[in-house]
Amino acid sequence: MRRALRYSALLLAMAVAACQDTLFTSAPSIPSNLSYELEPSGDPNRPLGILLVWDVVSDVNLASYRVYSRGSSSSSFSLRGETTSNTFHDNGVPFLEYFVTAVDDAGNESDASNVITVDERLQLDRPSSLFSISLNGAIHLEWADNAYLTNPTRFKWYRIYSASYDLDTGLCGGSWSLEGTTIAPEFLASALPNGSPRCFGVSAVSTEGYESLWSPLRQDTPRPDARNLLVFALQQDATQAGFRFWNDANNDGRGQSAELGLVESGNAADIDFRITRGAGDTLWIEPVFSGTRMQVYGQVADLTAIDFAPAAGYSRNMFQAVPTYGYVFEIVEGTQLRYGALRVSHVSRDYVIFDWSFQTDLGNPELIRRAGLSTSLATGFQVRGSQ
């Protein structure tokens, strides 16, 4: 009996050992859903790096993940790195292919995950055109949205670059910087010094991080002017949401340049109008000063088409800001009557760009351009660059 019990205990110990051996020799689960995103650099052929991401393996004995790569389809995979995270950043120009395995505490390694291939042929189309509007201390950029329209499911955003521009050589500088990113085919490059020429270029980036070739390069120069004035929506920047045609600060009855076309706080009571955001991200022109009334003049090709202010038809109603439309203002301060006009050239979600004119002569409905300056929508021109 004692020998039989001893024999049974031996069999039980062997069974437990076999179970433990099976537990620690089985490979971990295979990592699944390996995906990636490239890190754009400005050069579509040389990304800054690649970020690999995969689903977490839930095995309790998991120790790490191993990342393998190869530079060509004819070469062998080699170990690129090891990590305890379910992400891996590979700095520099990526390899052609990657896969991931899981490793447990005993050193057992799983089979390979799915293989991802870095294929530059997945780049989106480059923006086919680029236009600009010079502003006071800023440049508004607008480009063709073809990168999004041709592949909306893979589009992520646009990247905007700028560099100096040499008027003597007609070339862009060699040092480019990233101005920002946007999902819309427009961008406001701000905080720029007036009188300093700049070059601009735009690329499109896919959801995988592939960066397209750049748009045609464009040169433009910020400048103070009565054309293309920028006023923000009240909800975006209240400090620059109001506009006053004229503030005769020295009471001499003459319009000095520092007194005309003033962008002020949208909460001030003496501004002629402010820009407010309405339903559906529409922007509206709202009269503010008690003596200011306005009306829609209609669609005009240029501000100069508004030569005489209508004698009647003004109201305190606010009107939606619509590109290419003109608006006329009747401004009464005490017994003094003056007229102003504007033509909207661009409307975004956050700001309006317009040309304006004002008649300082009392009661004169003839609306002349301030200082005789001509008006236009697009400024700058296409250039060559070092990029």
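In what follows, residues are counted from 1 in the order of the sequence shown.
- Under the 4.0 Å criterion applied to side-chain N and carboxylate O atoms, R198 and D220 are not assigned as salt-bridge partners.
- Defined by atom type and a distance below 3.5 Å, a donor-acceptor pair is missing between the side-chain atoms of S85 and T83.
- The shortest distance between side-chain heavy atoms of R70 and S76 does not fall below 4.5 Å.
- Of the charged side-chain nitrogens involved, at least one lies within less than 4.0 Å of a carboxylate oxygen, so that K156 and E37 count as a salt-bridged pair.
- The distance from the CD atom of E120 to the CG atom of N45 is 7.0 Å, given to the nearest 0.5 Å.
- V60 belongs to no hydrophobic cluster with other residues, because no ILVMFWY side-chain heavy atom falls under 4.5 Å from its own, directly or through intermediates.
- The structure places CG of D355 at 8.0 Å from CZ of R227, a figure rounded to the nearest 0.5 Å.
- For E186, there are no salt bridge (charged side-chain N to carboxylate O under 4.0 Å, His left out) partners, not counting sequence neighbours.
- Residue V53 is found in a hydrophobic cluster whose other members, listed by chain and number, are L51; membership requires side-chain heavy atoms under 4.5 Å apart, directly or through intermediates.
- In this structure, Y327 has its ring center at least 6.0 angstrom away from the ring center of F329.
- Taking a cutoff of 4.0 Å between a charged side-chain nitrogen and a carboxylate oxygen, D270 and R244 qualify as a salt bridge.
- Nearest heavy-atom pair, L79 versus R66, reported as atom, atom and distance to 0.1 Å: CD1-CB, 3.7 Å.
- Without hydrogens or angle criteria, E330 side chain to P310 main chain gives no donor-acceptor distance under 3.5 Å.
- Expressed to the nearest 0.5 Å, how far OG of S164 lies from CG of L171 amounts to 10.5 Å.
- The backbone N or O of V202 lies less than 3.5 Å from no partner atom in the side chain of R126, so there is not a single donor-acceptor pair.
- The structure places CG of D237 at 3.5 Å from OG1 of T239, a figure rounded to the nearest 0.5 Å.
- Judged purely by atom type and a 3.5 angstrom limit, S41 uses its side chain to pair as donor or acceptor with the backbone of D43.
- Grouped by direct or indirect side-chain proximity (heavy atoms under 4.5 Å, Ile/Leu/Val/Met/Phe/Trp/Tyr only), Y36 sits with L34, L38, I50, L52, W54, V56, V57, L62, Y65, V67, F88, F95, Y98, V100, I116, V118, L122, Y210.
- No donor-acceptor pair closer than 3.5 Å links the side chain of R277 to the backbone N or O of D350.
- Across P216 and P127, no two heavy atoms sit closer than the pair CD-O, 3.5 Å.
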Exercise for the section: I would like to know whether T181 and E179 meet side-chain hydrogen bond (donor to acceptor under 3.5 Å, both in side chains); could you show each step before the answer? Expected result: CA-CA 7 Å; T181 61; E179 285 285 342; over 6 Å; no
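- Considering only heavy atoms from C-beta on, P47 comes within 4.5 Å of P94 through its side chain.
- Linking ILVMFWY residues whenever their side-chain heavy atoms come closer than 4.5 Å, directly or via other members, leaves Y68 and I30 in distinct clusters.
- Clustering of Ile, Leu, Val, Met, Phe, Trp and Tyr side chains at separations under 4.5 Å leaves V103 isolated, with no partner residue.
- By the 4.5 Å heavy-atom criterion applied to side chains, E286 and I275 are not counted as neighbours.
- Here the closest non-hydrogen pair linking S75 and G71 is OG-N, 3.8 Å.
- Contact of the L230 side chain with the F354 side chain is not registered, since no non-hydrogen atoms from C-beta on lie closer than 4.5 Å.
- In this structure, L149 is a member of the same hydrophobic cluster as F187, with clusters built from ILVMFWY side-chain heavy atoms closer than 4.5 Å.
- Note on W157 and L48: separate hydrophobic clusters, where clusters join Ile, Leu, Val, Met, Phe, Trp and Tyr whose side-chain heavy atoms are under 4.5 Å apart, directly or indirectly.
- The closest side-chain heavy-atom distance from N61 to D59 is not below 4.5 Å.
- Across every non-hydrogen atom of R338 and F358, the tightest pair is CD-CZ, 3.6 Å.
- Under 4.0 Å is where a charged nitrogen must lie from a carboxylate oxygen, and between R349 and D281 at least one such pair does.
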Practice task
Test N108 against S26 for side-chain contact (heavy atoms from CB on, under 4.5 Å), laying out the working first.
Solution key: CA-CA 7 Å; N108 300 306; S26 61; over 6 Å; no
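- The two residues L130 and S215 have their closest heavy-atom pair at CD2-OG, 3.7 Å.
- A donor-acceptor contact closer than 3.5 angstrom is absent between the side chains of Y351 and H346.
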Problem - Evaluation steps, side-chain hydrogen bond (donor to acceptor under 3.5 Å, both in side chains), between T282 and Q320 - result: CA-CA 7 Å; T282 56; Q320 184 177 348; 4.9 Å; no
Problem - Criterion side-chain contact (heavy atoms from CB on, under 4.5 Å) on W143 and I160, from CA distance to verdict - result: CA-CA 11 Å; W143 53 90; I160 299 90; 3.9 Å; yes
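- When the shell of 6.0 Å around CD1 of I183 is examined, it contains 12 or fewer heavy atoms from other residues, nucleotides or ligands.
- Atom CZ of F232 sits about 11.5 Å away from atom CG of L283, to the nearest 0.5 Å.
- Side chains of S206 and Q123 form no contact here, defined as non-hydrogen atoms less than 4.5 Å apart.
- You'll find the side chain of L217 reaches within 4.5 Å of the side chain of C172, heavy atoms only.
- D104 CG to E109 CD: the interatomic distance, rounded to the nearest 0.5 Å, is 10.0 Å.
- A heavy-atom distance below 4.5 Å is found between the side chains of N267 and R274.
- Less than 6.0 angstrom separates the ring centroid of W214 from the ring centroid of Y161.
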Practice task
Verify side-chain contact (heavy atoms from CB on, under 4.5 Å) between Y325 and V344, making sure each step is shown before the conclusion.
Solution key: CA-CA 6 Å; Y325 271 70; V344 175; 5.6 Å; no
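- Taking F155 as the reference, Y148, Y158 meet the ring-ring contact (aromatic ring centres under 6.0 Å, His included) condition, with sequence neighbours excluded.
- Residue R46 qualifies as open at atom CZ: its count of foreign heavy atoms under 6.0 Å is 12 or below.
- The shortest non-hydrogen separation linking W176 to G201 is CZ3-N, 4.1 Å.
- One N or O on the side chain of E211 and one on the backbone of G42 form a donor-acceptor pair closer than 3.5 Å.
- No hydrogens or angles considered: a donor-acceptor pair under 3.5 Å links the side chains of R218 and S132.
- Judged by distance alone, the side chain of S212 and the main-chain N or O of A204 form a donor-acceptor pair under 3.5 Å.
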Exercise for the section: List the steps, then state whether side-chain contact (heavy atoms from CB on, under 4.5 Å) holds for T207 with T153. Expected result: CA-CA 8 Å; T207 53; T153 59; over 6 Å; no
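- Side-chain atoms of S345 come within 3.5 Å of backbone N or O of I353 as a donor-acceptor pair.
- D125 and N146 share no side-chain donor-acceptor pair at under 3.5 Å.
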